[in-house]
Enquirer: 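Handing you this structure, nothing more for now.
Order of appearance sets the numbers: ligands from 1, and atoms from 1 within every ligand.
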Amino acid sequence: MSRVRVHNFSISLDGFGTGDGQSLEAPFGHAGQRLHAWMFATRFWDDAGTAGVDNAFAERHEPGIGAEIMGAGKFGPPGWQDDPEWRGWWGPNPPFHTPVYVLTHRPRPPLEMDGGTTFHFVDVEPVDALAVAREAADGQDIRIGGGATTLREFLAAGLVDHLHVVQVPIVLGRGVRLWDGLEALEEQYDVEAVSSPSGVTHLTFTR
Ligand SMILES: NC(=O)c1ccc[n+]([C@@H]2O[C@H](COP(=O)([O-])OP(=O)(O)OC[C@H]3O[C@@H](n4cnc5c(N)ncnc54)[C@H](OP(=O)(O)O)[C@@H]3O)[C@@H](O)[C@H]2O)c1
């Protein structure tokens, strides 16, 4: 059976997966780019980047993925549902190259993009979104792409098989929390932690 995976999901020391005040100009709110600075410095992101521990984790994002599921808050800034022209942050050729299921209470017709990405907009429970994505993934794994609210829903429903969280040594103080309501989640997984010289800690929760 294909697995449900999460990669490179970055949180602050106080557990926020995004900052406060998300907008078109600030996709991560007041967090800016600080949650993903570790990733932007790797070869996975930039050909001139580093090739060490952070890169080894970062590049596991792609192989074996046949579909992604994301929340409405990742697909666009607050209010994108009112803009019929909004096609996501990523330009004409988004980096997914698979079907992508966007959870939203205001679905719209599918958007076929260049490079093999099609965005499907679905108003269903996580378990039902997973069933559709699994069918589309044709035997490959499904990635839960975030944001924090969506990932928390999938974790609460017990649907995630492999979770890679990157703890970044910043304190955000406000934003959207990942761990709320997930008491004792770790009991369902083998947990490992790897510290990187960059200052981040890679945590893997594997069923
Ligand atoms: N830290 C990281 O590594 C990381 C990764 C990805 C994204 N992000 C950031 O995370 C932020 C977005 O996270 P978020 O927690 O605000 O939002 P989110 O998880 O992306 O989306 C939550 C929204 O998705 C819709 N939704 C979720 N479950 C649904 C369901 N079962 N049925 C129908 N609709 C459903 C609802 O939107 P509606 O009610 O509006 O339809 C809900 O408000 C962005 O700033 C993004 O840049 C961070």
Side-chain angles (χ1 to χ4, degrees), residues 4-42 44-45 54 57-58 60-62 65 68-83 86 88-90 94-96 100-108 119-133 142-160 162-172 174-182 200-205:
V4 178
R5 293 160 39 192
V6 177
H7 293 281
N8 303 341
F9 195 86
S10 304
I11 59 171
S12 62
L13 287 176
D14 44 349
F16 292 101
T18 192
D20 199 18
Q22 297 163 37
S23 68
L24 187 59
E25 296 72 30
F28 290 84
H30 83 295
Q33 302 211 320
R34 289 177 290 163
L35 286 169
H36 293 95
W38 70 272
M39 190 178 75
F40 300 143
T42 66
F44 167 70
W45 193 266
D54 291 339
F57 274 101
R60 296 173 68 198
H61 186 262
E62 316 288 343
I65 296 292
E68 168 156 327
I69 300 172
M70 69 170 67
K74 175 171 172 178
F75 184 71
W80 66 262
Q81 292 94 335
D82 296 322
D83 177 0
W86 181 259
W89 299 101
W90 303 276
F96 305 103
V100 175
Y101 294 87
V102 180
L103 287 172
T104 173
H105 292 103
R106 293 173 61 190
R108 56 173 66 178
F119 294 110
H120 301 271
F121 301 87
V122 292
D123 182 2
V124 293
E125 292 304 309
V127 70
D128 299 318
L130 181 56
V132 177
I142 296 94
R143 186 175 52 232
I144 308 303
T149 305
T150 297
L151 177 51
R152 192 188 325 112
E153 284 181 44
F154 277 80
L155 289 168
L159 296 174
V160 176
H162 179 80
L163 168 66
H164 168 225
V165 171
V166 186
Q167 192 157 37
V168 180
I170 59 172
V171 178
L172 282 179
R174 59 206 158 93
V176 184
R177 291 183 182 279
L178 176 60
W179 301 121
D180 284 6
L182 298 178
V200 306
T201 301
H202 297 273
L203 292 157
T204 54
F205 291 63

Enquirer: Around atom 4 (C) of ligand 1, find the nearest protein heavy atom and jot down its residue, atom name and distance.
Expert: Phe9 CE1, 3.5 Å

Enquirer: Give me the residue, atom name and distance of the protein heavy atom closest to atom 20 (O) of ligand 1.
Expert: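 Going atom by atom, the protein heavy atom closest to atom 20 (O) of ligand 1 ends up being Lys74 N, 2.8 Å.
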
Enquirer: Enter the distance from Phe75:CZ to Thr104:OG1 here, rounded to the nearest 0.5 Å.
Expert: 9.5 Å

Enquirer: Any idea which protein heavy atom is nearest atom 36 (C) of ligand 1, and the distance to it?
Expert: His105 ND1, 3.9 Å

Enquirer: Determine the interplanar angle of the His7 and His61 rings, folded into 0 to 90°, and report it as parallel if under 30°, tilted if 30 to 60°, perpendicular if over 60°.
Expert: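 Because their plane-to-plane angle is over 60°, the rings of His7 and His61 count as perpendicular.
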
Enquirer: Mark the output for Met70 as yes if a heavy-atom distance to ligand 1 is under 4.0 Å, and as no if none is.
Expert: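 Flag not set, Met70 not near ligand 1.
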
Enquirer: Less than 3.5 Å between some nitrogen or oxygen of Val122 and one of ligand 1, yes or no?
Expert: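 So ligand 1 has no N or O lying under 3.5 Å from an N or O of Val122.
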
Enquirer: Return the closest protein heavy atom for atom 17 (O) of ligand 1 as residue, atom name and distance.
Expert: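 Scanning the protein heavy atoms, the shortest distance from atom 17 (O) of ligand 1 goes to Gly73 CA, 3.6 Å.
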
Enquirer: Should Val122 and Leu103 count as side-chain neighbours, where that means a heavy-atom distance under 4.5 Å?
Expert: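 A side-chain contact under 4.5 Å exists here.
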
Enquirer: I'd like the name of whichever of Leu103, Val102, Asn8 reaches closest to atom 25 (C) of ligand 1 through any heavy atom.
Expert: Leu103

Enquirer: Using a 4.5 Å cut-off on heavy atoms from C-beta on, say whether the side chain of Phe154 contacts that of Ile69.
Expert: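 A side-chain contact exists here, since the closest heavy-atom pair is under 4.5 Å.
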
Enquirer: Could you tell me whether Glu125 and ligand 1 have an N or O pair separated by under 3.5 Å?
Expert: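 Not met; the criterion fails.
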
Enquirer: What's the spacing between Arg143 CZ and Ile65 CD1 if we round to 0.5 Å?
Expert: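 Rounded to the nearest 0.5 Å, the CZ-CD1 separation comes to 5.0 Å.
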
Enquirer: Answer whether the closest heavy-atom distance between the side chains of Asp54 and Met39 falls below 4.5 Å.
Expert: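 No, every pair of side-chain atoms sits at 4.5 Å or beyond.
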
Enquirer: Using a 4.0 Å heavy-atom cut-off, which part of Val124 comes near ligand 1: side chain, backbone, both, or neither?
Expert: backbone

Enquirer: Tell me if the CD atom of Glu125 is crowded by more than 12 foreign heavy atoms within 6.0 Å.
Expert: no

Enquirer: Does the protein put a heavy atom under 4.0 Å from atom 43 (O) of ligand 1?
Expert: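 So atom 43 (O) of ligand 1 lacks protein heavy-atom neighbours under 4.0 Å.
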
Enquirer: Determine whether Met70 and Phe96 make a side-chain contact, defined as any pair of heavy atoms from C-beta on separated by less than 4.5 Å.
Expert: yes

Enquirer: How far is atom 40 (O) of ligand 1 from its nearest protein heavy atom, and which residue and atom is that?
Expert: Gln81 NE2, 3.2 Å

Enquirer: Is there a polar contact between ligand 1 and Ala72, counting only N or O atoms under 3.5 Å apart?
Expert: yes

Enquirer: Would you give the length of the straight line joining atom OG of Ser12 to atom CD of Gln167, rounded to the nearest 0.5 angstrom?
Expert: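 CD of Gln167 is found 8.0 Å from OG of Ser12.
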
Enquirer: Which ligand 1 atoms are under 4.0 Å away from a heavy-atom of Asp123?
Expert: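 In order of numbering, the contacting atoms are 32 (N), 33 (C).
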
Enquirer: Quick check: Gly145 and ligand 1, any N/O pair under 3.5 Å apart?
Expert: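 Such a contact does not occur with ligand 1.
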
Enquirer: At a non-hydrogen distance cut-off of under 4.0 Å, which region of Thr149 contacts ligand 1 (side chain, backbone, both, or neither)?
Expert: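 Near ligand 1, Thr149 shows its backbone as well as its side chain.
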
Enquirer: So Leu24 and Trp89, do their side chains get closer than 4.5 Å, heavy atoms only?
Expert: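 Side-chain contact under 4.5 Å: yes.
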
Enquirer: Does even one non-hydrogen atom of Arg152 get within less than 4.0 Å of ligand 1?
Expert: no

Enquirer: Please work out, at 4.0 Å between heavy atoms, whether the side chain, the backbone, both, or neither of Thr18 comes within that distance of ligand 1.
Expert: side chain

Enquirer: Is there any N or O on Gly17 that sits under 3.5 Å from an N or O of ligand 1?
Expert: yes

Enquirer: If you measure every N/O of Phe28 against every N/O of ligand 1, is any gap under 3.5 Å?
Expert: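 No: no nitrogen or oxygen of Phe28 is under 3.5 Å from one in ligand 1.
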
Enquirer: Please tell me if the side chains of Arg108 and Phe119 come closer than 4.5 Å, counting only heavy atoms from C-beta onward.
Expert: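 Answer no - side chains too far apart.
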
